[in-house]
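One structure below.
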Amino acid sequence: MQSLGDAVGRDGAAEVEAGSPADALSLCLLGPLTLRRGPRPMPLPASRKARALLAYLAMSPRPVARDALCGLLWQLPTDPRGELRWCLSKLRGVVDQPGHPRLLATDGGVRLALHAHEVDVLRIERALRPADASPAPRPPPDADLLRGLLGAFQGEFLEGLALQNSPPFDAWLQGQRRRLRALQAGLLQALVDLLPRQADERIELLGRWLQLAPLDLAAHERLLQALAAQGRWPEAQQHLQAAMQQFAAQRVDAMALSQAWQQARLGAAPSPRPAAVAQGAPAGRASIAVMPFTELQAGGDGRSPLGAWLAHDVTTRLAKLRTVFVIAQASAAALAGQGLAAGAAAQALNVGYVASGSPHRDRQALRLDVQLAEAAGARIVWADVFSAPLGDLLDVLEQLGDRLVNALASQVEIAERARAVLLPPSELDAWQSHHRGLGLMYRFDAADNRQAQGFFQAALRRDPHFARAHAGLSFTHFQDAFLGWQPRALAVQQAWRAAMQAVEADEQDPAARWALGRAHWLRGQVPQALCELETALQLSPSFAQGHYTRAFILAQSGDALQAIAASDHARALSPYDPLVFAMLAARALALVRLGRHEEAADSALKAAARPHAHVHILAIAALCLALAGRWPQARAVVDSLQPRSPGYRLADLLAAFQLSEEASALLSSVAPRVGL
């Protein structure tokens with residue numbers, strides 16, 4: 001981690017960098033949205049959508065397309081572009097300075113030019129970002145650094161800022177709040193565990209932790225132990241009774257609280273509670289149980305064939321993904337039949353996560369309410385509602401099951417990645433090293449890619465038969481070859497070797513087959529690549545990245561209509577996938593080959609606006625815009641591309657892809673006019 005001075009001031013507020021003007025901007029998103037110029041608060045526009053726009057742009061790593069912003073904030077206005085222009089004009093009055101514009105709007109999109117140290121959330125994330133991927137020992141997190149980072153949490157993310165009739169923004173807002181609450185709880189736990197057992201500060205920190213996660217068993221254990229260490233027995237007993245009542249009200253097994261109390265009375269430290277691992281699960285791997293879904297029916301007990309079938313289907317599909325260890329449905333159903341709540345069943349099954357929910361039917365649609373809880377503290381880490389119009393019931397359940405499986409797998413991965421990022425590399429096990437690698441791999445940056453390789457290699461030193469780590473390592477070498485970061489011949493060979501090792505480790509893992517398919521494609525073996533991807537999708541029909549990679553290959557020289565369908569299906573399965581930008585770009589290439597240039601331009605522009613879109617994506621956007629006759633927008637995208645890759649030309653794109661002759665000729669016809 002960085003030193004405290006690099007990240008935050010002693011009171012958690014932003015520090016002005018050395019040599020910077022006294023009127024530097026500071027944007028606080030944690031708590032009510034506030035903007036300061038030096039020590040002075042700046043009045044923000046009264047419009048809630050203008051303030052929401054400011055926050056969204058501050059969190060976006062690159063320009064955001066106007067169409068994306070209109071869709072985010074305005075559902076049915078008469079003139080969304082006009083609304084956006086009005087909001088931007090209001091924001092310029094508070095963020096721009098003479099000779100120093102901050103709010104930049106071009107044909108390529110809208111960007112807020114703030115540095116990481118000027119936005120509290122970005123400052124915290126920068127401080128926690130690992131300096132390198134070396135597995136060498138490093139000092140533990142510094143208590144003063146953790147205090148400073150926690151001091152920046154002045155309240156809920158964008159406290160009090162909610163919009164009516166803007167579901168996309170509301171979904172983004174809730175997702176950010178869940179993520180940052182989990183980050184804050186992790187920081188509190190890290191600091192609590194660093195302090196002496198009798199320190200008064202521990203009790204205050206534990207109170208804050210329990211406000212965030214009132215059913216987190218680890219926090220209750222530590223609070224009982226801290227009160228006992230200070231001899232505050234009456235307070236400890238009162239807390240125990242209140243916590244037992246709270247757990248009972250939520251139908252969570254409180255037996256472990258009694259055990260923690262006995263440990264505290266004996267002077268023992270609370271038992272460590274990392275994410276639990278199911279019986280038979282590989283050490284360190286995440287594990288999950290899917291409880292039978294209870295259908296709410298008047299006069300019934302909640303059980304229904306629909307809920308049981310859906311839980312069984314989701315369990316089977318999750319197991320096929322092979323990203324987590326999945327408890328057999330018979331075990332979960334048996335405990336549910338005994339009347340155990342999800343949290344108690346999770347403890348009995350010894351799993352790290354438990355999914356539960358209930359389907360609701362009416363005349364028009366089937367709705368599925370789902371929750372994913374972290375079993376150790378019964379803390380809900382994710383909740384969502386899925387719905388589909390009623391038609392053929394089996395088709396509807398198939399559709400909902402696909403979406404739910406990918407959502408659960410993604411949310412467990414996010415939670416595991418957040419857990420791993422707080423640990424120094426020397427303390428990571430194979431599973432945690434793998435997730436640190438995943439977090440870096442999807443940034444599509446040369447330096448981050450090298451760090452990801454280090455984490456995957458560390459995972460394989462600890463577990464040489466970890467197929468997912470071999471597959472991840474193969475994908476980093478794929479990036480080296482595809483984006484020209486290493487000599488191509490060497491990178492192709494390394495990607496191939498790692499993919500073969502993934503298949504040897506677990507030939508039933510769809511990610512291993514996916515990695516081998518990509519490696520075949522790098523070697524120019526398109527039929528073999530498609531065959532491996534078909535195998536991956538037979539192993540797991542819900543594997544979104546398998547559908548995307550099939551679209552990626554077909555879009556270049558295969559069936560363009562199939563490519564569009566595969567891209568759309570991949571995004572439907574995993575709408576928040578880190579490769580959404582690539583899914584959209586593949587769709588754009590397929591549309592170009594069909595002569596649907598305006599649609600291609602729209603799709604490519606959305607791809608370029610996504611986080612971590614690399615230079616080839618920007619080039620595709622520029623060329624698609626040119627084919628659609630949108631020349632100013634095309635040149636603006638090229639202008640944003642060149643600083644990232646000086647001297648980039650069409651030849652770089654053609655060398656990376658394997659486009660048909662017709663597609664290559666079409667792109668070559670417009671490239672000179674936009675500077676490529």
Side-chain angles (χ1 to χ4, degrees), residues 178 182 215-217 252-253 273-294 307-336 340-358 368-384 386 400-420 429-432 434-435 438 466-468 506 508-511 539-540 542-544 573-574 576:
R178 285 194 298 269
L215 297 178
D216 195 326
L217 184 58
V252 176
D253 185 7
R273 289 187 175 269
V277 179
Q279 293 291 333
R285 303 288 180 91
S287 51
I288 188 171
V290 180
M291 304 303 292
F293 294 99
T294 54
W309 185 91
L310 188 55
H312 181 274
D313 184 58
V314 169
T315 298
T316 303
R317 294 184 195 217
L318 271 176
K320 287 182 176 181
L321 278 177
R322 300 173 89 82
T323 54
V324 294
F325 185 86
V326 185
I327 289 293
Q329 179 59 204
S331 297
L335 290 179
L340 289 183
Q347 291 184 3
L349 293 168
N350 195 24
V351 293
Y353 299 89
V354 59
S356 59
S358 57
L368 182 63
D369 298 311
V370 186
Q371 292 183 343
L372 178 69
E374 192 175 42
R379 182 175 70 232
I380 294 174
V381 296
W382 171 79
D384 208 344
F386 298 84
L400 289 178
D402 275 341
R403 292 163 57 193
L404 177 56
V405 165
N406 277 278
L408 288 173
S410 297
Q411 292 301 322
V412 169
E413 185 173 286
I414 290 169
E416 291 294 295
R417 196 180 305 163
R419 187 192 310 278
D429 59 24
W431 177 256
Q432 292 162 337
H434 167 247
H435 276 83
L438 287 179
F466 192 177
R468 287 273 161 155
D506 187 353
Q508 298 296 308
D509 190 328
L539 290 169
S540 177
S542 303
F543 187 42
L573 286 171
S574 186
Y576 303 108

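Note: hydrogens, waters and symmetry copies are ignored here, and every other heavy atom, side chains too, is used. Numbers here are sequence positions counted from 1.
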Exercise. Indicate the atoms forming the closest heavy-atom contact of Asp506 with Ala467, along with that distance.
Key: CB-CB, 3.7 Å
Self-check item: Contacts of Glu413 that satisfy side chain to side chain donor-acceptor pair (under 3.5 Å) - sequence neighbours left out
Solution: Arg417
Quiz prompt | Sequence-distant partners of Ser540, side chain to side chain donor-acceptor pair (under 3.5 Å), two or more places apart | solution = none
Quiz item: If we only count heavy atoms from C-beta on, is the Tyr576 to Gln411 side-chain gap below 4.5 Å?
Solution: no
Quiz item: In chain order, what residues pass the side-chain contact (heavy atoms from CB on, under 4.5 Å) check against Ala430, with sequence neighbours excluded?
Solution: Ala459, Arg462, Asp463, Phe466
Quiz item: How many angstroms lie between NE2 in His435 and CG in Asp429, if you round to the nearest 0.5 Å?
Solution: 10.5 Å
Practice problem: Any chance you could measure Leu438, atom CG, to Arg468, atom CZ, to the nearest 0.5 Å? | Solution: 9.0 Å
Self-check item: Which atom of Ser542 lies closest to which atom of Leu573, heavy atoms considered
Solution: O-CD1, 3.9 Å
Exercise. Look up atom CG in Leu318 and atom CG in Leu404, then write down how far apart they are to the nearest 0.5 Å.
Key: 7.5 Å
Quiz item: Which distance, rounded to the nearest 0.5 Å, do you find between the CG of Leu368 and the OG of Ser358?
Solution: 7.5 Å
Quiz item: Between Trp431 and Glu416, which heavy-atom pair has the shortest distance, and what is it?
Solution: NE1-OE1, 2.6 Å
Exercise. With sequence neighbours left out, write down each residue that passes side chain to side chain donor-acceptor pair (under 3.5 Å) with Asn406, or none if nothing qualifies.
Key: none
Quiz item: If you look at every heavy atom in Ser574 and Ser410, which pair is closest and at what distance?
Solution: OG-OG, 4.3 Å
Practice problem: Could you pull out all residues at least two apart from Asp384 that satisfy side-chain contact (heavy atoms from CB on, under 4.5 Å)? | Solution: Trp382, Phe386
